[in-house]
Amino acid sequence: MIKRLIRKVFGINRRDDPTVLSAAQHGIARDQISNGARKVCESLQASGYAAYVVGGAVRDLLQGVKPKDFDVATDATPEQVHRVIRRSRLIGRRFKLVHALFGAETVEVSTFRAGTQDAAEPVPDHDAAVDEHGRVLRDNVFGTRVQDAARRDFTINALYYDPVNETVLDYHAGVADLRRKAVRIIGDATQRYREDPVRMLRAIRFAAKLDFSIAADTRKPIGELTDLLRNVPASRLFEETLKLLLSGHAVACVRKLREEGLQRGVLPILDEIAAEAQSERFLQLALAQTDRRLHEDKPISPAFLFATVLWHGVRHAWHDAMDQGARPVPAIQDVMDGVIDRHNDTLAIPRRFTATMKEIWALQPRLEANSGRRPYALLEHPRFRAAYDFLALRAESGEVSAELVDWWTRFQIASSAEREQMLLPQTAGSAPRRRRRRRPGSARPDERGISTGTAASNADQPPADGPGALTRGDGASRGPDAL
Ligand code: ATP
Ligand code: MG
């Protein structure tokens, strides 16, 4: 009675008996489950444990989307899982998980957990598990399947698929929400965001990825709780923001972030960018290119991506330094760290990425000075391709001339004789000269016939005599950590 009252007050809409859907009802075929996840479930069940495919994979399969990966939840403890599945390793300190290894596939196996909503339940020490903002400090309490379903974030993420008997267990009407195309939080939205503010960002990501709307009650408190993101470690915010940008729906994610005001908590620079047409154009081109590459299964470099997002800040600081009389190359070198530092409190970009971002930025003024012998040296630079792709985006947004990018496109594939020819006019005065420097934001898009798409299509299509050499973004295509 009291428990029921507490649940009602806190809006916890938990049902202990799930809706069970048969194969005919849910339509997932067993062979849509990865080999590894299926084997993990079969082995654990054969040893007497419960084991299900959970989370995003079930949601995506029901939605006809190819799952990114498969996670398994079980009532076996990590040690028990490790004993049943020999090729596996225990990971994590705070909360142990098991990684089961099947060739190239790694299946993450987690033990059912209880969440803080279960404070009303006899879970040991549970009332000490949140801080003064309601944020979860500890969610390392094993739980039942019912509790495991309730601690998950959204109804559409709390679905359990049993590949042995081919049923789907639905505790929170997630299947109905999939049909309604709604992202709905489990329990009371304010409380769940207080426990973990990152859930607000996750709501945005799933809505954008699935083209769903965020249910009214789930959406309502977001505007008031944005500040809670300040309590989230900057490294976690980086990871979550990266997931948004690499969701394949970055354009939609950024639009939704702004609609909900959440950009203030993760990327405040998005407001400055919105205020300047050219910067906004540059950002949108970069995000759209990222989405396109992901849909084409091409790799993406987080460093390149974050270099584009912060470029607005670098460009302004750079131009300010040049207005004070600094020369272009040293000027940009001097301002880069400041721009990165300014963002680090909110969102900590790992050093392995900032190093590459700085190289891409530092090459910009050098690409603009394409005279003398310098272009030869630049071609050899390990970040040349990424920097060239970056320059192409700048041209497409109207910041530098399309001719400059075109010159570099031709220079890369030209023979030695042609290259000499291209460099000769420098003295004759007809080389593609750097555009006269203007204040950032004062670009005149009509000048020099900035043709939308020119740079991208130039680079997107392998030149006839350079087999694929100039595929746009190739510089950013050596695996996520390559740059
Ligand atoms: P994706 O397609 O991005 O992998 P996903 O739903 O699988 O989506 P993960 O981050 O892999 O997302 O998390 C797996 C599952 O763990 C989620 O489906 C959800 O049930 C649960 N989960 C993850 N993060 C949270 C969170 N912050 N709060 C509550 N539940 C969470
Ligand atoms: Mg997942």
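Start at 1 and go down the list; that is how both ligands and their atoms are numbered.
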Looking at non-hydrogen atoms alone, which of [options] comes nearest to [atom]?
{"atom": "atom 28 (N) of ligand 1", "options": "Arg199, Arg152, Arg113", "value": "Arg199"}
{"atom": "atom 6 (O) of ligand 1", "options": "Glu195, Arg236, Arg59", "value": "Arg59"}
{"atom": "atom 19 (C) of ligand 1", "options": "Asp153, Asp69, Ile186", "value": "Asp153"}
{"atom": "atom 10 (O) of ligand 1", "options": "Glu240, Glu239, Glu108, Arg202", "value": "Arg202"}

Decide, yes or no, whether a salt bridge links [X] with [Y] under the criterion of side-chain N to carboxylate O below 4.0 Å.
{"X": "Glu42", "Y": "Arg30", "value": "no"}
{"X": "Asp196", "Y": "Arg202", "value": "no"}
{"X": "Asp177", "Y": "Arg180", "value": "yes"}
{"X": "Glu239", "Y": "Arg236", "value": "no"}
{"X": "Arg258", "Y": "Glu280", "value": "yes"}

Quiz item: Are any of the heavy atoms in Val198 under 4.0 Å away from ligand 1?
Solution: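 No, Val198 has no heavy atom closer than 4.0 Å to ligand 1.
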
Quiz prompt | Proximity flag Phe206 to ligand 1, non-hydrogen atoms under 4.0 Å | solution = yes

If you count the atoms of ligand 1 from 1 in the order shown, which ones are under 4.0 Å from a heavy atom of [X]?
{"X": "Lys209", "answer": "2 (O)"}
{"X": "Asp196", "answer": "26 (C), 27 (N)"}
{"X": "Gly55", "answer": "18 (O)"}
{"X": "Arg151", "answer": "29 (C), 30 (N)"}

Quiz item: Do Gly56 and ligand 1 have an N or O pair less than 3.5 Å apart?
Solution: yes

Exercise. Please indicate whether any nitrogen or oxygen in Arg192 is less than 3.5 Å from any nitrogen or oxygen in ligand 1.
Key: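 No.
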
Practice problem: Could you verify whether a donor N or O on one side chain and an acceptor N or O on the other, from Tyr160 and Asp148, lie under 3.5 Å apart? | Solution: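 Short answer, yes.
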
What residue and heavy atom of the protein are closest to [atom], and at what distance?
{"atom": "atom 14 (C) of ligand 1", "value": "Asp71 OD2, 3.8 Å"}
{"atom": "atom 3 (O) of ligand 1", "value": "Arg205 NH1, 2.6 Å"}
{"atom": "atom 4 (O) of ligand 1", "value": "Lys68 NZ, 3.1 Å"}

Practice problem: Please tell me if the side chains of Pro299 and Arg293 come closer than 4.5 Å, counting only heavy atoms from C-beta onward. | Solution: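 With C-beta onward as the side chain, the pair touches.
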
Quiz prompt | Side chain proximity check, Glu79 to Lys96, heavy atoms < 4.5 angstrom | solution = yes

Quiz item: Mind checking whether Phe282 and Phe390 have ring centres under 6.0 Å apart?
Solution: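 Yes, they do, as the ring centres are separated by less than 6.0 Å.
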
Quiz item: Hey, what's the ring geometry for Trp311 with Trp318, parallel, tilted or perpendicular (30° and 60° as the breaks)?
Solution: tilted

